A.B. asks: 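Please read through the structure below; I'll follow up with questions.
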2 protein chains.
Amino acid sequence: MNETDAQATRPHTGRRRNEAAHRAILDAALHLLAESDGTPVTIDAIARAAGVGKQTVYRWWPSKGAVLLDALTDRADQDVTDHPDTGALRTDLRAFIGTTFDAAQQSTTASALRTLVREAARDPHLAELMQAFTATRRDALHDLLARGRERGELADHADLDLIVDQVYGVFWYRFLLGHGPLDPAVAERLADTLVAGNDQPGAQAVRRR
Amino acid sequence: MNETDAQATRPHTGRRRNEAAHRAILDAALHLLAESDGTPVTIDAIARAAGVGKQTVYRWWPSKGAVLLDALTDRADQDVTDHPDTGALRTDLRAFIGTTFDAAQQSTTASALRTLVREAARDPHLAELMQAFTATRRDALHDLLARGRERGELADHADLDLIVDQVYGVFWYRFLLGHGPLDPAVAERLADTLVAGNDQPGAQAVRRR
DNA sequence: GTTTGCCGAGACTGCTAGTCTTGTCAAGCG
DNA sequence: CGCTTGACAAGACTAGCAGTCTCGGCAAAC
């Protein structure tokens, strides 16, 4: 009956949260994620490295995956790169792809990302979180392409979703398997052939002559 | 000293291998792989479904991953599709991509393949085996493209490896994330834009006119 | 100075890969 | 026929990890 009243009059008592511990956990998680040579990162290891009890980790995050993703996005937010509109699709696309490739070459980010994907494969909750993460990136690229199409640099019927997936498909495929390079030269070739393959129908008709 | 002689004179004694058990294990593995709703397939479950002791599984395969991959390739060998040379790159490529997409839409194969990838993420040995598996597929596609380039349907400087990775990149990216279709229409569009984006420099010059 | 609730430490449960043990059974050999 | 060899089913066992639970300590509010 009076519970609501009691809560209203007593918004908080007891010891406050320790923000230092919160940061220490994120830092330790990112560090271990980066150090990891493919070995899964354990919650025990994170807690120990952060000098924190395991229960403190689970008080703030619902699962191991949530901690790891939080650690990575915390870092990704630091090097957010927005892609200015250069006015030409080819240059916009080259810049976008090049930046994406570069960001993943950073050794810390790279090995963290690889480990994270591995964890996502066995943790449905983390997989869902990562889906949302990648969807955001896809949307950004899709917008860039839509701008180009409005300027007439792509055919009206061009399948923008497919182009997006060709970019991220190549990226993840090479990133995870590591059988081919992800350097600026590849970024340029990829951007150029995508533009060339999806340009105006009129131009295609001429070419097919 | 005489060990070699002893082995030569006594090539085998004792109870023979039970081929029925061998098949039962592969069948059970494939079945569970296909049934699995993302839950990892356990060796215990395979052994129990095959009516076999766990040790019997480990006598023939070095790890869980090896059993699973063997089960899948055993099936994949059944629907081996060789891609005849139609004489035109566009049609060859359309057929190759279409077949690849189709094969993965088979619900049994699809869920087995998905589970297998998930397992590979945590099992380095299986990951290595799958690398070899995918490399074979990449080579086949690369050959197909090389034939087209020799006929002058692709630019001399076209990056065949990049084209291959665009195909398999899109495939795996959509297959695993499931955010976009992998139907015949997509296969055709992908084939067409790849050919258009990597054709003869002369044609490109005309187009850019 | 008492209550409340966060904290570190670590015990505990439940699950799975892979190994080891035990008793059984089939195939060859003398 | 009886012995040896090695595959077999069943299942106990070890080791590692996610997530929960418990406990004594400590800091903030009242």
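Note on naming: letters A, B, ... go to the chains in the order of the sequence lines (proteins, then strands), and numbering restarts at 1 for each one. Note that the structure is a prediction, hence the values are computed from the model and not measured.
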A.B. asks: Nearest whole angstrom, please: distance from the P of C:dT16 to the CG of B:Leu68.
C.D. replies: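 Distance check: B:Leu68 CG to C:dT16 P gives 14 Å.
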A.B. asks: Rounded to whole Å, how long is the line connecting atom CZ of B:Arg122 with atom C1' of D:dC17?
C.D. replies: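 To the nearest whole Å, that distance equals 11 Å.
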A.B. asks: Taking atom CD as the centre, does B:Gln55 end up with more than 12 heavy-atom neighbours from other residues, nucleotides or ligands that are less than 6.0 angstrom away?
C.D. replies: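 Yes - once you tally the heavy atoms of other residues, nucleotides and ligands closer than 6.0 Å, there are more than 12.
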A.B. asks: Look at the side chain of A:Lys64 and the base of D:dG19, then say whether one donor and one acceptor between them are separated by less than 3.5 Å.
C.D. replies: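 Such a pair does not exist between side chain and base.
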A.B. asks: For the pair A:Trp60 and A:His22, name the ring-plane relationship: parallel under 30°, tilted 30 to 60°, perpendicular over 60°.
C.D. replies: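 Judged by the thresholds at 30° and 60°, the geometry between A:Trp60 and A:His22 is tilted.
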A.B. asks: What is the distance, to the nearest angstrom, from the CG atom on B:Asp123 to the P atom on D:dC17?
C.D. replies: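 Whole-Å distance recorded here is 15 Å.
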A.B. asks: Ignoring the backbone of A:Thr42, work out which of D:dA18, C:dG8, C:dT16 is nearest its side chain.
C.D. replies: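 Nucleotide nearest to A:Thr42's side chain: D:dA18.
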A.B. asks: Using a heavy-atom cut-off of 4.0 Å across all strands, would you classify B:Val41 as base, sugar-phosphate, or nothing?
C.D. replies: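 Answer is sugar-phosphate: B:Val41 comes under 4.0 Å of backbone atoms only.
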A.B. asks: Verify the contact: side-chain N or O of A:Trp60 to OP1 or OP2 of C:dC7, cut-off strictly under 4.0 Å; return yes or no.
C.D. replies: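 A:Trp60 to C:dC7 OP1/OP2: side-chain N or O found under 4.0 Å.
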A.B. asks: Counting only heavy atoms not in B:Gln105, do more than 12 fall under 6.0 Å of its CD?
C.D. replies: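 Counting other residues, nucleotides and ligands, CD of B:Gln105 exceeds 12 neighbours.
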A.B. asks: Rounded to whole Å, please give me the gap between CG in A:Asp44 and P in D:dT20.
C.D. replies: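 To the nearest whole Å, that distance equals 14 Å.
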A.B. asks: Could you give the CZ-to-P distance, from B:Arg15 to C:dG23, as a whole number of Å?
C.D. replies: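 Value for this atom pair: 17 Å.
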A.B. asks: Can you tell me the distance, in whole Å, between the CD1 atom of B:Ile46 and the P atom of C:dG18?
C.D. replies: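 Whole-Å distance recorded here is 11 Å.
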A.B. asks: D:dA9 C1' sits how many Å from B:Ile43 CD1, rounded?
C.D. replies: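 For the pair B:Ile43 CD1 and D:dA9 C1', the rounded distance is 16 Å.
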A.B. asks: Nearest to the side chain of B:Gln55 - C:dG18, C:dC20, D:dT20?
C.D. replies: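 Of the options given, the side chain of B:Gln55 lies nearest C:dC20.
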A.B. asks: Using the closest heavy atom to pick a nucleotide of DNA chain D for each, name whichever of B:His22 or A:Pro62 lands nearer the 5' end.
C.D. replies: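 Final value for this comparison: B:His22.
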A.B. asks: Can you say whether a donor on the side chain of B:Lys54 sits under 3.5 Å from an acceptor on the base of C:dG18, or the other way round?
C.D. replies: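 Side chain to base: pair present.
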A.B. asks: Check the angle between the aromatic planes of B:Phe175 and B:Trp172 and answer parallel, tilted or perpendicular using the 30° and 60° thresholds.
C.D. replies: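 Correct class here is perpendicular.
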A.B. asks: Rounding to an integer number of Å, can you tell me how far B:Ile25 CD1 sits from D:dC8 C1'?
C.D. replies: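 One finds 11 Å between C1' of D:dC8 and CD1 of B:Ile25, rounded.
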A.B. asks: Looking at C:dG5, I'd like to know if its phosphate oxygens (OP1 or OP2) sit under 4.0 Å from a side-chain N or O belonging to A:Arg16.
C.D. replies: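 Result: no.
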A.B. asks: Is it true that the side chains of B:His179 and A:Asp165 contain a donor and an acceptor less than 3.5 Å apart?
C.D. replies: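 Yes.
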